[in-house]
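Working notes, beginning with the structure itself.
Since we're looking at a predicted model, the values are computed, not measured. Only heavy atoms go into these numbers, but all of them, side chains included; no hydrogens, no water, no symmetry mates.
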Amino acid sequence: MLLSISAVWAKAWPIIFAILFFGFIIVTHELGHFSIARLFKVKINEFSIGMGPALLKKKGKETQYSLRLFPVGGYVSMEGEDEESKDERAFCNKPVWQRFLIVLAGATVNLILGAVLVALLICQQDLVGTTQIHSFKEGSQLQATGLAPLDYIKEINGRHVFSDTDISYLMLTDDDGVLDFVVERNGEKKEIKNVKFTTVEENGETKFVYDMVICGVDKSFLSVAKATAGQTLSIARMVWMSLGDLLTGKYGLKDVSGAIGTVGFIADTVEQSQKTTDYSALINIMAFISINIGVFNLLPVPALDGGRLFFMLIEMIFRKPVPAKYENWVHAVGMVLLLLFMVVVSFSDIFKLVRG
């Protein structure tokens, strides 16, 4: 009996951890909105974690705190957020710059959380990665086409290189394995075009060989801070590029995961990390998810924070808000489409889990 309970717990706790972490990201996001709204003395009617029917409710001095059934989101309901209000503390009656900062705060906190996790990951490493080439493997195709030891890689295919993560990602996700580089050599920038990979055939697929070694530097406050900023920017752009690839059809629905798939993926990583006692992959995924949610929420899509920020930018530029009824209609349609997308992705996640 004890053995079976232990076996069940061994399977259950990674899933519990994943759900709790996902919930923690939601809490931090909503706390961002909540904290800045409180700073500007906005009246907050409800602070909710989760969506759907309420499991727990507690009434504060003026705010109701709720825990709801489905851990796929949350919200801070402010007076006058989606309707007119005569209350001087209502969201709609605050200056546009204050409203902008309140809405921006949620995604900002997610990005900060992601950066903290990135810093934690970097601090676990023996050396801090850079964008300078240390050496090449024997017979390197990359070196043969013009790259050299001690080059600082500045751009790949016109994209700025923020960190060593960018180097591997931009190189290994290229379609044909032929790239244009800009490097800094002896203090001068130099263009190197048509840099080619060595390729190998593996299980019927052509794969590119990453056959160079990047320099590492000793850990210090400055090196860790610089690498953290670079890695955070790299991940944020990676998310943006992936969204672009999804819209252009490079990736399909099978490559997209929602809350269910994400929780399952985190749980698998937790289980694997426990076996190897190496938690770097787990921290990396947690950082990626937090930054992913921060970037996604900033997209100028109706119903997302980015959609609301877009309307506020229009108000700042033209010194006049878009009529509330039109903005509300746009957000309502956006919310319906977003929920439909979430349902489709969730069914896709379930299908992938069932299929194994």
For this session: Identify the two heavy atoms, one from Ile214 and one from His134, that lie closest to each other, and give their separation to 0.1 Å.
Result: C-CB, 3.9 Å
Exercise. Any chance the side chains of Ser234 and Asp166 put a donor and an acceptor closer than 3.5 Å?
Worked result: yes
Exercise. Quick one: are Met286 and Phe24 in side-chain contact, heavy atoms under 4.5 Å?
Worked result: no
Exercise. Any side-chain heavy-atom pair from Phe311 and Tyr326 closer than 4.5 angstrom?
Worked result: no
Exercise. Which heavy-atom pair separates Leu179 from Asn157 by the least distance, and what is that distance?
Worked result: CA-OD1, 3.4 Å
Problem set entry | Side chain Arg185, main chain Asp151, donor-acceptor under 3.5 Å | no
For this session: Looking only at non-hydrogen atoms, find the nearest pair between Asp218 and Val128 and report the distance.
Result: O-CG2, 4.4 Å
Exercise. Closest heavy-atom contact between Asn93 and Ser85?
Worked result: ND2-O, 2.9 Å
For this session: Could you tell me whether Glu188 and Lys190 have a side-chain N and a carboxylate O separated by less than 4.0 Å?
Result: no
For this session: Verify whether the ring centers belonging to Trp240 and Phe296 lie closer than 6.0 Å.
Result: no
Exercise. Has the side chain of Lys41 got a donor or acceptor atom that lies under 3.5 Å from a matching backbone atom of Arg89?
Worked result: no
Problem set entry | Glu155 bridged to Lys189 by N-O distance under 4.0 Å | no
Exercise. Does the Ser290 side chain pair with the main chain of Ala287, one donor and one acceptor, at a distance under 3.5 Å?
Worked result: no
Exercise. Do Ile44 and Arg38 come within less than 4.5 Å of each other through their side chains, counting heavy atoms only?
Worked result: yes
Seminar exercise, completed: In this structure, CD1 of Ile112 is separated from OG1 of Thr108 (nearest 0.5 Å) by 6.5 Å
Exercise. With distance as the sole criterion, is a donor-acceptor pair present between the side chains of Ser66 and Glu46 under 3.5 Å?
Worked result: yes
Problem set entry | N/O donor-acceptor pair under 3.5 Å between Ser35 side chain and Gly32 backbone | no
Problem set entry | Close side-chain approach of Lys137 and Met212, heavy atoms under 4.5 Å | no
Exercise. Below 4.0 angstrom, N of the basic side chain to O of the carboxylate: do Arg99 and Glu315 qualify?
Worked result: yes
For this session: Answer yes if Met316 and Ile102 sit in the same cluster of Ile, Leu, Val, Met, Phe, Trp and Tyr residues linked by side chain heavy atoms under 4.5 Å apart, and no otherwise.
Result: yes
Exercise. Do the ring planes of His33 and His29 sit parallel (below 30°), tilted (30 to 60°) or perpendicular (above 60°)?
Worked result: perpendicular
Exercise. Is the NZ atom of Lys196 crowded by more than 12 outside heavy atoms at less than 6.0 Å?
Worked result: no
Exercise. Between the side chain of Asp211 and the main-chain N/O of Glu138, is any donor-acceptor distance below 3.5 Å?
Worked result: no
